Q: 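Before I ask anything, let me first share the structure, which is written out below as structure tokens.
Being a predicted model, the structure only gives us computed values, none of them experimental. Naming: A, B, ... by sequence-line order, numbering from 1 per chain.
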Amino acid sequence: MSKQVPEKPTLDGLEEKWGALWEAEGTFRFDRSKTRDEIYSVDTPPPTVSGSLHGGHVFSYTQTDLIVRFQRMRGKEAFYPMGWDDNGLPTERRVQNFYGVRCDPSLPYDSGFVPPEKPGKQTVSISRANFVELCHLRTIEDEKAYEKLWRWLGLSVDWSLTYETIGAKARRASQRSFIRLLDKGLAYQAEAPTLWDIDFQTAVAQAELEDREVAGAFHRVRFHAAEGDVVIETTRPELIPACVALVAHPEDARFAELFGKTVVTPLFRSRVPVLAHDLADPEKGSGIAMICTFGDINDVTWWRELQLPVRGILEPNGRLKPIQWGGDGWDSEDPSTAQVNYDKLAGLTVKKAQAAIQDLLSESGDLIDEPRPITHSVKFFEKGERPLEILTSRQWFIKTLDFKDALLERGRQIDWHPQYMRVRYEDWINGLNGDWCISRQRFFGVPLPVWYPLDEAGIPIYTLPIVPDEDSLPVDPATDTPPGYDESARGQSRGFIGDPDVMDTWATSAMTPQIAGGWEEDPDLFERVFPMDLRPQAHDIIRTWLFVTVFRAHLEHDSLPFKNAAIAGWVLDPDRKKLSKSKGNAETPIGLLEEFGSDAVRYWAASGRPGTDTAFDTGQMRVGRRLSIKVLNASRFVLSHATQEGAVTNLVDQSMLAKLRGVVEDATSAFEEYDYTKALERIETFFWTFCDDYLELTKSRAYGSAGDEGAASAAKALETALSALMRLLAPFLPYVTEEVWSWWQEGSVHKSSWPAPNECGEGGDAQVFDLAAEVLGQIRKTKSAAKVSLKEECKQVSIKAPAAALEALKVAEPDLKEAGKVAAFDYQEEPNFSVEVTL
RNA sequence: GGGCGCUUAGCUCAGCUGGUUAGAGCACUGCCCUUACAAGGCAGGGGUCGGCGGUUCGAAUCCGUCAGCGCCCACCA
């Protein structure tokens with residue numbers, strides 16, 4: 001061998017050494033001259049840039065990298081970009097905390113603003129433009145740190161292909177798509193009940209809900225009627241002033257005579273109808289419920305289907321708003337009493353109002369018994385801190401319900417890995433109960449690209465939105481002037497105003513294949529990579545990211561956005577809880593990479609099968625490290641004997657290669673099915689047998705104990721096996737395999753071709769090697785049991801076996817004799833295989 | 001309430017379309033500084049395959065049922 005094999009190979013420094021070389025050589029650079037069928041394109045999940053990556057990220061991104069590296073070695077040109085999800089609430093929150101600022105959209109832009117080094121005692125209010133600037137500033141820093149970690153981990157991403165979800169490309173793509181939906185009548189605005197977070201003060205979508213168990217209480221409350229009192233049970237007595245009707249099941253005899261009549265609410269003395277609707281459950285509460293605008297999603301349904309008026313009492317900040325009882329829409333049998341009672345609630349938060357109204361109800365005698373404490377689950381915005389409310393507001397929607405069937409069909413066209421994950425997608429679609437609300441009353445996001453004309457009185461005419469030309473995208477209606485207007489007309493009578501809202505961050509993430517693929521901006525590229533081959537992602541965002549991506553591609557391109565969906569599991573604490581940031585092991589993956597080495601951490605990640613949650617396990621990383629060290633040492637030994645020339649004439653050598661051939665076949669088909677774990681298992685098992693048994697068996701022969709021909713055969717077999725093994729292991733252990741590859745090969749192992757079965761020769765009988773390994777094992781066992789050194793001689797090895805096995809073993813006898821220090825062999829033909837070793 | 005997944009050695013997991021005494025790694029124990037490897041190697045002990053019932057010549061593997069765990073969806077007056 002002409003190249004140099006180090007005397008003492010080490011794992012230290014491999015990440016820096018090869019990371020720098022790959023970058024310099026452009027090893028993972030995408031070659032866009034390749035055609036669609038030669039390309040494997042990946043819709044990489046853009047990680048949320050809001051702090052730091054943790055073990056879970058390392059886990060799932062490694063898994064994607066395994067697949068990409070396999071595809072690349074199989075001859076595909078990998079289109080493997082990286083995005084940064086910097087748009088949205090997490091960044092806003094991070095910037096607020098990092099600098100101690102808050103966004104006040106009413107403030108003017110301050111071009112001389114310098115952010116504080118550290119958060120001050122007092123929060124600094126800044127304009128929306130200044131705030132967005134800070135968001136950009138912060139995310140650039142975070143993205144650098146992320147990229148450094150990803151490179152260290154060895155992701156074979158083309159780092160010239162990056163995008164940010166707040167970047168110009170992303171803004172253009174999502175605004176362009178929005179305008180087209182508007183044009184097709186698929187985007188619309190409506191003044192409607194909307195899920196509302198009172199802390200962030202924004203609308204949110206069904207996909208962003210989560211249930212949380214919280215303490216509450218059933219209040220039994222008396223409503224008054226001529227026929228006698230009606231008792232309802234409610235967990236939200238503070239909404240009694242918002243009550244517009246009572247409702248019971250049409251077949252519930254207890255309330256039959258009340259249907260069509262009216263009752264009077266306690267405290268506020270409003271007359272409301274008693275109605276029938278089959279959504280009312282006789283089993284729940286007292287069997288009759290109050291309908292408030294709005295307490296929950298059921299209220300919205302009733303309100304809509306029973307055509308009830310709106311009586312909203314909540315401000316966007318979650319406090320009860322001032323109301324003039326007896327005024328329009330707030331009729332009362334006794335307005336002055338209603339006013340006295342309500343004034344004690346106005347201005348309070350929901351929680352405080354609940355306590356206050358409880359006292360009022362007690363005083364008036366309308367509360368029956370003490371409230372009964374319960375624990376019940378309540379809807380929250382997933383990033384929120386207080387329960388969601390439902391408020392009426394003007395929002396933009398995308399028609400979704402009309403496409404349920406089409407989207408279910410799209411789901412069936414995707415290859416899911418694992419397959420059962422499709423069910424989650426279907427569950428979600430089947431449970432959709434409204435169109436997708438995409439407007440958010442936030443700041444750091446993609447602006448909704450519309451303005452509204454103002455009438456003479458300066459009131460926006462929402463029905464006539466002004467839309468930008470596609471050529472002018474991206475636009476920010478807050479600062480850009482709409483076509484046909486002069487900026488001086490902003491906010492003026494007969495002028496215009498910009499829509500103040502931004503889009504749901506998922507409305508932008510929905511476009512990642514288009515953003516990365518250069519949709520409408522680089523048609524040549526787009527044609528080569530879209531639809532993508534692979535969407536890798538975790539199972540918790542099937543209902544969000546996966547769903548919206550499929551949805552938008554369906555509307556925009558009438559196609560799938562990707563062919564395969566590889567769904568990763570979560571990383572769990574050893575105690576089976578989802579890995580949380582509060583636990584130490586969720587932090588600083590860079591520390592893990594330094595302690596165990598990137599290859600070792602990747603080895604652990606590879607042990608997590610697609611879709612399967614996996615325990616965080618440093619033990620696995622230690623095993624990975626040991627494997628890496630073994631790769632170095634075994635390769636050093638192999639290369640001290642190996643040659644690329646010559647022929648494998650020895651039957652033991654042929655047998656080992658026959659076995660390897662099977663491993664290549666298994667690993668290849670496992671990878672084709674996205675089961676990298678199975679592939680690794682097969683490869684690793686063979687590698688250890690290769691080291692423990694084959695190298696031991698042939699060591700002496702390789703040194704020349706059986707003459708030149710035997711040595712030459714071993715030398716060629718060793719080289720053949722090592723070459724295949726390094727390539728098989730390359731996706732998992734990119735650093736150590738590249739290091740070893742460089743000892744005797746040209747170019748990068750990662751650009752070499754995935755082993756083909758026929759590299760291992762045509763014939764060979766795997767049984768020879770297996771039996772020889774078995775006998776060698778017996779010899780070791782006997783010596784171990786006798787507590788003697790493995791170098792100790794054996795007087796005799798007696799083998800009983802069927803004829804064919806004996807035949808095979810005789811072939812291996814010379815190697816066994818040397819490896820086991822055996823003086824003599826004895827063979828007897830018998831149906832059962834057994835070995836007896838005499839020391 | 002509906003659904004999906006899981007339940008195999010102390011721990012983490014393999015066991016495909018049912019077929020000889022159930023496997024691996026870690027941990028544990030013992031032996032070995034064997035000229036690729038002592039931050040290593042070799043070997044060993046350890047399991048009523050969640051419970052019950054069924055199909056079958058034969059079941060960890062198929063069917064039914066029960067229990068537990070995790071998750072998804074729905075409901076949450």
Q: Let's test your reading of the pairing rules: Watson-Crick or G-U wobble, both distances under 3.5 Å, then write RNA chain B as a dot-bracket string with ( ), [ ], | and dots.
A: (((((((..((((.....[...)))).(((((.......))))).....(((((..]....))))))))))))....
Q: With a 3.5 Å cut-off and sequence neighbours excluded, list the donor-acceptor pairs that the side chains of residues 367-380 of chain A form with protein atoms.
A:
{"from": "A/Arg372", "atom 1": "NH2", "to": "A/Glu233", "atom 2": "OE2", "distance (Å)": "3.4"}
{"from": "A/Lys379", "atom 1": "NZ", "to": "A/Asp211", "atom 2": "OD1", "distance (Å)": "2.7"}

Q: Could you note down all residue pairs passing salt bridge (Lys or Arg N to Asp or Glu O under 4.0 Å) where residues 774-787 of chain A supplies at least one of them, sequence neighbours left out?
A: A/Asp693-A/Arg780
Q: Could you pull out all residues at least two apart from A/Ala667 that satisfy side-chain contact (heavy atoms from CB on, under 4.5 Å)?
A: A/Ala679, A/Ile683, A/Leu728, A/Trp754
Q: Please identify each residue that fulfils side-chain contact (heavy atoms from CB on, under 4.5 Å) with A/Ser705, with sequence neighbours left out.
A: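 Result, side-chain contact (heavy atoms from CB on, under 4.5 Å) vs A/Ser705: A/Ser700, A/Arg701, A/Glu818.
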Q: Tell me every residue that passes side-chain contact (heavy atoms from CB on, under 4.5 Å) with A/Glu672, counting only those two or more places apart in sequence or in another chain.
A: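 By the side-chain contact (heavy atoms from CB on, under 4.5 Å) rule, A/Glu672 matches A/Phe70, A/Arg74, A/Thr668, A/Ser669.
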Q: Any pair with a residue in residues 238-255 of chain A that passes side chain to side chain donor-acceptor pair (under 3.5 Å), sequence neighbours left out, goes on the list, sorted by first then second residue, please.
A: A/Arg236-A/Glu238, A/Glu238-A/Gln354, A/Asp252-A/Arg254
Q: Using side-chain hydrogen bond (donor to acceptor under 3.5 Å, both in side chains) as the criterion, list what pairs up with A/Glu382, not counting sequence neighbours.
A: none
Q: Give the B/S/- string for nucleotides 17-31 of chain B, one per nucleotide from 5' to 3', where a protein heavy atom under 4.0 Å of the base yields B, of only the sugar-phosphate yields S, and otherwise -.
A: --------SS---BS
Q: So which of residues 419-427 of chain A are in contact with RNA chain B, with a heavy-atom cut-off of under 4.0 Å?
A: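 Residues of residues 419-427 of chain A under 4.0 Å from RNA chain B: A/Tyr420, A/Val423, A/Arg424, A/Asp427.
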Q: Partners of A/Asp427 by side-chain hydrogen bond (donor to acceptor under 3.5 Å, both in side chains), sequence neighbours excluded?
A: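 Result, side-chain hydrogen bond (donor to acceptor under 3.5 Å, both in side chains) vs A/Asp427: none returned.
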Q: Who passes side-chain hydrogen bond (donor to acceptor under 3.5 Å, both in side chains) against A/Gln537, sequence neighbours left out?
A: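 Here the qualifying residues are A/Arg535.
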